[in-house]
Every structure is written in C-alpha cells, then in structure tokens.
Amino acid sequence: MRSHLGGALRRADVGAKVTLGGWVHRSRDLGGLVFLTLRDREGVLQVSFNPDWTAPEVITAAAAVGVESVVLIEGTVHERPADQYNPEMATGEVEVRATAIRVVGPAVTPAIPVAVGRDAKPPAEELRLRHRVLDLRRPELQFALILRHRLMQATRSYLSGLGYLELETPILTKPTPEGARDFLVPSRVHAGEFYALPQSPQIYKQLFMCCGFDRYFQLARCFRDEDLRADRQLEFTQIDIEASFIGREDIITMAEGLIRALWAEAGIAVETPFARMSYADAMERYGCDRPDLRYDLAIADLSATFAGSESGIIQSALAAGGRVRGIVIPGGGAWSRKQVDELEAIAKSAGAGGLVRLKSAGGQVEGPLAKFLSPEAQAALGLSDGDLLLAVAGADRISSPALDRVRQECAVRLGLVDPAVRRFLWVLDFPMFDQDPETGALAAVHHPFTSPNADDMAAHPGAPERWRALAYDCVLNGMELGGGSIRTSDPAVQSRMFGLLGIAETSEQERRFGFLLEGLRAGAPPHGGIAFGFDRIAMLLAGATSLRDVIAFPKTTAARALFEGAPSVVPVQDLEELHIRTVTGA
RNA sequence: GGGGGCGUAGCUCAGUUUGGUUAGAGCACUCGACUGUCACUCGAGAGGUCGCGGGUUCGAGCCCCGUCGCUCCCGCCA
C-alpha cells in the first residue's frame with residue numbers, strides 16, 4: 001500500500017514517485033492551494049496540492065480532510081525552492097507534490113491536540129491518559145517508545161552475544177517474599193486457592209541455574225501491589241540476569257558492559273569501570289546507600305569536637321551512644337534564618353529532633369551552641385569564613401536519613417546538581433540483615449536468597465546482624481539503577497537463613513520455598529545475578545520525568561488505567577465461578 | 001492511610017484577593033475569503049452543569065462543609 005515512510009524522505013529521494021500513508025498533522029488551505037503536513041512514525045512531511053500538478057477534485061478533497069485523519073497520498077518528491085526550506089523539519093528540504101488523496105480513516109475532531117505548538121503546554125495528564133491513542137501520536141512519545149524498543153534490542157543483542165539465554169518464567173506463580181504486597185489471581189479449578197503475579201522471577205532464575213542453563217536473562221514483567229509514584233508503577237519491566245560459576249567481579253564487569261551498551265544506544269558514551277564504595281562508607285559519608293556523587297558535601301563525625309560541650313541535647317545524645325555528625329556547606333553562612341529553618345524542617349520530617357547550626361563569619365563561630373564550644377573546639381570544626389555547619393546529634397539511624405535529605409537540598413540550593421554529569425557507582429558489601437530496633441527481628445536487606453559473606457559468618461557466628469552480604473547496587477546520580485547478589489547455593493545455609501528470618505519450622509520452609517530448596521539439593525552451581533529497572537533506564541535516556549512517558553498504557557497514581565478503564569467490576573457469575581464473594585461497600 | 005498542589009468552553013488559561021449586571025482570551029471547531037504556506041492570514045459564528053453534592057447569603061465561579069478525579073510527597077515499596 002505504501003512505498004515510503006513520508007517522515008524519512010530526504011533530498012536524495014527527489015524524483016521518486018511515492019505512495020504515502022499517515023495522519024494529517026496540520027492543514028493550511030490558502031484558497032486554491034492546499035498544504036497538508038503528513039505524519040508517520042518517522043516524522044512529518046509537507047504535501048502540497050497545487051492546480052499545476054493536482055486535479056481540482058483532489059484539491060477539494062485535501063481541503064476538506066480533518067486533522068488526525070488517516071490518508072493515502074500519491075505524488076512525487078520535489079526539492080523545495082532554496083528559500084522555502086523549513087529548518088525545523090527533518091524533511092524540510094523536500095515536499096511531495098500530490099496527485100491523489102484517499103481518506104482511509106477519517107477522524108473525529110481530536111479531544112486533545114496532537115500537533116502542539118512549540119511553547120504550548122501539553123494537556124493535563126488525566127486527559128493525556130484518557131485519550132492515550134491521541135497522546136501516543138505525539139512525536140515525543142513516539143520517540144520515547146521507539147527508544148524503549150531499541151534499548152530492549154540492545155539488551156538482547158549484548159546479552160545474547162555473551163551467551164546468555166532469554167528464558168521465560170511464569171506470570172501465574174506462587175507468592176514469594178520480596179517484601180511487597182502480592183497481586184493474587186483466584187484459581188477457578190481450585191476453590192479458595194490463589195496464584196500470585198511475580199514480584200520478580202527471582203526463584204525461577206535460580207532454578208534455571210540449577211537446571212544447568214548457566215547464563216539467563218529476561219525482560220521480565222514484575223508486579224507489586226504498592227502505592228504508585230512518578231517512578232513507580234504496579235507493573236514494570238526488569239532486565240533480569242543470572243549466571244553460574246561466576247563471582248561478584250564477573251557480574252559487575254558484565255553489568256558495566258550492559259550499561260555502556262544501553263547508554264551508547266542513546267548516543268551517550270559511558271566510561272567504565274564505575275567508582276565503588278562500601279555500604280558502610282556510603283552511609284557514613286552521605287547518609288544513604290545510593291549517594292549522588294555529582295557533589296561532595298560529605299558528612300563528618302564531630303562527636304569528639306562536641307564531647308566537651310555542655311549542651312544538654314548533645315550530652316544526652318552522646319550518652320545514649322549516639323554521635324554528632326554534620327555537613328559543612330561552603331557559602332551557606334549567607335543563608336537567612338528562614339532558609340536554614342526550612343532545612344531544619346526537612347531534617348525533622350526525616351526524623352531528626354532538630355539541626356545544630358553554626359556559621360563562621362569574620363573569624364568568629366556563631367550560633368546557639370557556639371558558647372558551649374572552647375576556642376580549640378571551634379577551630380577543630382575547620383570552618384572557613386562564610387561556611388555553615390549543619391549537624392544532627394543522635395543515633396546514626398536518625399542522623400543518616402536526616403543529613404541525607406539536608407545534603408541533597410543544599411546541593412540543589414548551591415546549584416551543584418548538574419544534569420549533564422553522570423556519576424555511576426557500585427555500592428558494595430550491604431549488610432545481610434536489617435534489625436528492628438525494638439523487636440530485634442531480622443529482615444533481609446536484599447532478599448533471603450542472598451549469600452552472606454563467609455568471613456563474617458565465621459568471625460561472628462552468633463551475631464548475624466553483623467554479617468555483610470555479597471550484594472551490590474548500581475547507582476547513578478543518586479538513583480538506583482539495579483542491584484543483585486551472589487546467591488546462597490548451599491541448601492543447608494539457605495535453610496539457616498530462613499530460620500534467622502523467622503521461618504524456623506522445616507515444614508513451613510518446605511511449604512513456602514520447597515521448590516527452591518529442592519533445586520538447591522539437586523546440585524546447585526555457585527551462582528548470582530543482577531536486575532536493572534528497565535523502565536527507569538528508558539525514562540532517563542528518553543529525558544522523561546515520569547515512568548508514564550515511557551510506558552504505553554500506564555496506571556495513574558490512584559492505580560487506574562484511564563483509557564481502558566481498569567480495574568472494573570465484573571458480573572457476579574464470574575465471581576461465583578472463581579469462588580469469590582465481595583464484601584459490602586467494596 | 002496522611003500532607004501539599006490543581007480542577008472555569010474540545011485544549012491551555014485569566015477571572016476567586018474584597019460575593020454583585022449577560023463568566024472572558026488564545027488555540028481548536030463551523031461558515032466565508034485568500035495561489036507557496038509551514039503555529040498561514042483575514043472576517044463572521046457556534047461553543048459553559050465554573051469537577052460533583054450540600055450549606056451560608058437578597059445574591060456564590062468566588063465564602064463554608066463534604067466528596068470525586070489528576071498530580072507531587074510521606075507511609076508503603078528495592
């Protein structure tokens with residue numbers, strides 16, 4: 001039906017007789033002379049209807065077509081006169097002189113505009129989602145989804161090239177303990193029983209290793225029934241990878257190559273290897289496990305300096321085993337009382353009791369606590385003129401998240417966040433467990449299948465909260481791109497892990513994880529892997545600010561699909577067949 | 001579950017401060033004019049449950065209460 005994609009025509013195509021199919025992007029009727037802008041996935045192209053080469057009834061038909069209608073056009077590619085080039089169009093040096101037009105898909109007047117002006121705001125997101133077919137016609141979204149496709153192909157090409165096999169895992173599966181709420185699917189055949197949608201293919205990919213498939217990957221759909229965010233959807237795609245007979249360094253090298261290949265697909269050169277930092281250092285210096293290294297503003301331990309102060313707040317924090325930690329902000333001394341109050345509010349919302357503030361001006365240290373500090377202590381702070389010191393006294397569990405947020409906000413205020421800079425980072429040696437400060441209960445930081453560090457187990461056999469894990473996260477500019485670990489391949493160790501996590505009963509372990517334990521007992525190779533958040537990577541590389549712009553049919557933050565209207569009520573008979581009765585008011 | 005922002009014509013918005021005549025603009029749409037436009041231009045026209053419900057008032061787009069939707073964030077979620 002078509003001979004060319006109109007948006008791809010260039011000066012080299014001049015002279016070609018073409019048949020084009022596409023959408024009417026804009027139309028300009030000059031009276032006896034009509035221009036249509038035709039749009040397809042390659043771009044937009046001007047088609048001219050002129051009595052010199054177009055029959056009168058064709059011109060009449062062209063003048064009558066509404067925008068967003070689908071047309072088939074016949075004509076010839078001509079170079080435009082040099083003074084009529086349109087530098088804003090990739091096809092701007094040519095036009096197609098039409099001899100025929102057929103409206104094959106007339107369109108009603110669009111509810112939201114597709115051809116938006118240069119400075120025009122796009123319609124409200126609700127309308128964009130409600131009229132998604134129109135929204136997805138916009139060149140930016142076409143670009144984003146086409147880039148997404150290319151990133152998928154680059155992933156496949158890179159990993160296949162390394163011998164990885166793309167293997168599929170079930171969507172209807174068994175509830176697993178990733179920590180998030182599962183989506184459940186009722187079984188019609190087995191009354192009262194449910195499948196779960198996978199939060200990730202974690203166990204299946206480990207089983208593949210036990211099967212001997214050796215190198216696995218999948219562009220895996222994952223499902224988590226939690227509240228949404230700009231960067232979080234109910235269903236999302238992961239680049240899921242697992243390999244056998246490898247160690248941490250093998251995974252890191254492979255993953256750096258993958259990142260390089262993906263960024264190259266978007267035209268960005270990435271240097272490897274990436275920087276590395278231990279979890280402990282990241283928490284100590286930046287207060288978080290995925291620091292943005294585009295700026296420093298590192299946290300320092302000031303406990304020794306403040307030890308001699310007579311401030312009650314400080315003394316009680318230190319007495320309780322806490323520390324005083326703070327950030328020196330060059331130039332922050334010029335900030336107003338109100339601006340610093342705002343920073344304190346941020347620290348408080350993160351759980352801190354308040355912010356200790358000291359600034360250096362004219363060689364003097366000023367601030368509410370300055371009088372408690374000896375001249376020696378004041379000098380030890382190392383403040384230069386104009387510096388502001390913001391500190392939090394208390395347990396690290398409190399001060400780290402508070403200083404993390406303060407640090408990020410200060411960086412924004414100081415203009416230190418350069419979007420053109422990319423600082424990739426591996427965070428290594430995560431702790432194996434997170435301990436609830438009240439109950440003492442352990443929870444897996446990564447997941448229960450991660451292998452603990454064998455040296456730590458040997459050194460502190462009775463203190464699992466001190467064990468590190470063979471886990472690693474890949475971080476870019478403060479964002480987690482992906483993470484993984486070397487897994488436990490010894491079924492006895494795995495069983496012990498379940499025990500530490502509160503699943504002590506053998507029968508309970510077998511009921512929930514028997515299929516994994518059976519795989520491990522059948523002879524498991526040492527293995528490990530990693531998973532990257534594919535949507536988030538696509539969002540970054542497309543220059544989008546919301547995941548919804550790189551997902552064709554996303555959900556709103558209220559977990560609704562506005563275009564198709566999901567979720568929706570279903571007939572009672574359907575529920576009965578599934579052995580389900582709804583509760584009133586639902 | 002909690003907090004913030006937004007909701008006025010098909011779309012983007014003004015009008016809400018301090019309640020007061022018939023709620024406006026640009027774009028889109030309809031009709032007309034126009035032979036090289038490219039966000040075509042020009043003229044005319046049509047288009048409104050001011051998200052929804054209730055209240056206060058002589059009178060509500062504007063004030064009060066409730067509710068719904070979208071969005072950002074916290075909780076939650078790697």
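Please read all numbers here as calculations on a predicted model, not as lab measurements. The figures that follow rest on heavy atoms only: side chains count, while hydrogens, waters and symmetry mates do not. To find a chain, count down the sequence lines: A is the first, B the second, and so on, and within it residues start at 1.
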- Message: I'd like to check A/F532 versus A/Q238 (side-chain heavy atoms, cut-off strictly below 4.5 Å). Are they in contact?
- Response: no

- Task: Check the pair A/Q233, A/D535 against side-chain hydrogen bond (donor to acceptor under 3.5 Å, both in side chains), reporting the backbone distance first and the verdict last.
- Result: CA-CA 9 Å; A/Q233 283 272 311; A/D535 311 85; over 6 Å; no

- Item | Any donor-acceptor N or O pair under 3.5 Å, side chains A/Y204, A/T173 | yes

- Distance between the P atoms of B/G10 and B/U30, in whole angstroms? 15 Å

- Message: For the P atoms, the ones on B/A44 and on B/C27, what distance do you get once it is rounded to whole angstrom?
- Response: 13 Å

- In whole angstrom, give me the gap between the C1' atoms of B/C50 and B/A14. 13 Å

- Do the side chain of A/D456 and the main chain of A/N453 share a donor and acceptor less than 3.5 angstrom apart? no

- What interatomic distance, in whole Å, is found between C1' of B/U56 and the corresponding atom of B/A39? 48 Å

- Scanning all shown strands, the Watson-Crick or wobble mate of B/C62 with both distances under 3.5 Å is none

- Task: Using a 4.0 Å cut-off on protein heavy atoms (strictly under), produce a 5'-to-3' string for nucleotides 40-47 of chain B with B for base contact, S for backbone-only sugar-phosphate contact, and - for none.
- Result: B-------

- Shortest non-hydrogen contact between A/E68 and A/P110, atoms and distance: CG-CG, 4.0 Å

- Query: Separation of A/F449 atom CZ from B/A78 atom P, in whole Å?
  - Reply: 13 Å

- Message: Categorize A/V34 for me: base, sugar-phosphate, or nothing, with a 4.0 angstrom heavy-atom threshold over every strand shown.
- Response: nothing

- Message: From CD of A/E93 over to C1' of B/C38, roughly how many Å is that when rounded to an integer?
- Response: 15 Å

- Note on the structure: A/Y216 meets the ring-ring contact (aromatic ring centres under 6.0 Å, His included) criterion, sequence neighbours left out, with A/F208

- Item | Residue list, side-chain hydrogen bond (donor to acceptor under 3.5 Å, both in side chains) with A/R128, at least two apart or on another chain | A/D135, A/D549

- Provide, to the nearest angstrom, the distance between the CZ atom belonging to A/F49 and the P atom belonging to B/C38. 18 Å

- Message: Would you say that A/F49 contacts A/T60 through its side chain, given a criterion of any heavy-atom pair below 4.5 Å between the two side chains?
- Response: no

- Query: Do the side-chain N and O atoms of A/S485 and A/R487 include a donor-acceptor pair separated by under 3.5 angstrom?
  - Reply: yes

- Return yes if the base of B/C11 and the side-chain atoms of A/R128 contain a donor-acceptor N/O pair under 3.5 Å, otherwise no. no

Every protein N/O within reach of nucleotides 8-10 of chain B N/O, cut-off under 3.5 Å:
from	atom 1	to	atom 2	distance (Å)
B/G10	O2'	A/A111	O	2.4

- Task: Pick the P atom in B/G55 and in B/G15, then give their distance to the nearest Å.
- Result: 29 Å

- Query: How about A/F498 and A/F513: are their ring centroids closer than 6.0 Å?
  - Reply: yes

- Assign each of A/N50 and A/P123 the nucleotide of RNA chain B bearing its closest heavy atom; nearer the 5' end lies the nucleotide of A/P123

Detail all sub-3.5 Å separations between protein N/O atoms and N/O atoms belonging to nucleotides 66-70 of chain B.
from	atom 1	to	atom 2	distance (Å)
B/G69	O2'	A/E126	OE1	3.3
B/G69	O2'	A/E126	OE2	2.7
B/C70	OP1	A/T556	OG1	3.1
B/C70	O4'	A/E126	OE1	3.4

- Item | Nearest-angstrom distance, P atom, B/G47 to B/A23 | 13 Å

- Distance in angstrom units between A/L228 CG and B/G75 P, rounded: 16 Å

- Message: Counting the atoms with a prime plus P, OP1 and OP2 as sugar-phosphate, which does A/P51 contact under 4.0 Å by heavy atoms, base, sugar-phosphate, or nothing?
- Response: base

- Task: Quick one: label A/A230 by what it contacts on the DNA or RNA (base, sugar-phosphate, nothing), any heavy atom closer than 4.0 Å.
- Result: sugar-phosphate

- Which nucleotide, in any strand shown, forms a Watson-Crick or G-U wobble pair with B/C70, with both distances under 3.5 Å? B/G5

- Message: Looking only at side-chain N and O atoms, does A/Y85 offer a donor or acceptor that is under 3.5 Å from a partner on A/E79?
- Response: yes

- Query: Would the A/F424 and A/W263 ring centres measure less than 6.0 Å apart?
  - Reply: yes

- Item | P spacing across the pair B/U67 / B/A25, given as an integer number of angstrom | 37 Å

- Take atom CE of A/M89 and atom P of B/C38, then tell me their distance rounded to the nearest Å. 12 Å

- Is a donor-acceptor contact shorter than 3.5 angstrom present between the side chain of A/R232 and the base of B/C77? yes

- Task: Using modelled atom types only, decide if a donor and an acceptor are shared between the side chain of A/Q435 and the backbone of A/G440 within a distance under 3.5 Å.
- Result: yes

Mind listing the N/O atom pairs, protein and nucleotides 1-7 of chain B, below 3.5 Å?
from	atom 1	to	atom 2	distance (Å)
B/G1	O6	A/D227	OD2	3.4

- Any donor and acceptor pair, going by atom type alone, linking the side chain of A/T155 with main-chain N or O of A/L151 inside 3.5 Å? yes

- Task: For B/U21 versus B/C65, give the span between their C1' atoms, rounded off to a whole number of Å.
- Result: 30 Å

- Task: Could you verify whether a donor N or O on one side chain and an acceptor N or O on the other, from A/T37 and A/Q46, lie under 3.5 Å apart?
- Result: no

- Message: What contact category does A/Q233 fall into here, base, sugar-phosphate, or nothing, at under 4.0 angstrom with non-hydrogen atoms?
- Response: nothing

- Task: Quickly work out the A/Y85 OH to B/U37 C1' distance and round it to whole Å.
- Result: 17 Å

- Item | Separation of B/A78 P from A/D434 CG (nearest whole Å) | 12 Å

- Scan every strand shown for a Watson-Crick or G-U wobble partner of B/A33, both distances under 3.5 Å, and answer none if you come up empty. B/U41

- Atom CD of A/Q199 and atom C1' of B/C77: how far apart are they, to the nearest Å? 9 Å

- Task: Report yes if the side chains of A/D182 and A/K174 come closer than 4.5 Å at any heavy-atom pair, otherwise no.
- Result: no

